[in-house]
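Reviewing the structure listed below.
Worth saying up front: this structure is predicted, and the values here are computed from it rather than measured. Atom set for the values below is all heavy atoms of this structure, side chains included, hydrogens, waters and symmetry mates excluded.
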Amino acid sequence: MCFAELVPKEKSCNPRNEDRKAEIQIIRDFADKLIREGKAKEFLVQHGFHTPGGKLTKRYGG
């Protein structure tokens, strides 16, 4: 058998990629909204990503 016979000519599209792209876009839109409204830091503190002083929590390497 030759190499050309073993390798398909076209790549198959993974249907989950579209779902991931849509989910990533939703997250980006939400983050952009928080940044525009000035609520990003408040969100990070509320959900335990940052301390009120702006440092990372121990859980995330602070």
Q: Answer whether the closest heavy-atom distance between the side chains of Thr57 and His50 falls below 4.5 Å.
A: no
Q) Do Asn17 and Arg20 come close enough that some side-chain heavy atom pair is under 4.5 Å? A) yes
Q: Please identify each residue that fulfils ring-ring contact (aromatic ring centres under 6.0 Å, His included) with Phe49, with sequence neighbours left out.
A: Tyr60
Q) How long is the span from the CD atom in Glu42 to the CD atom in Glu37, to the nearest 0.5 Å? A) 10.0 Å
Q) Looking at CG of Asp19 and CD1 of Ile24, how far apart are the two atoms once the value is rounded to the nearest 0.5 Å? A) 11.0 Å
Q) Do Ile35 and Leu44 belong together in a cluster built from hydrophobic side chains that touch within less than 4.5 Å? A) no
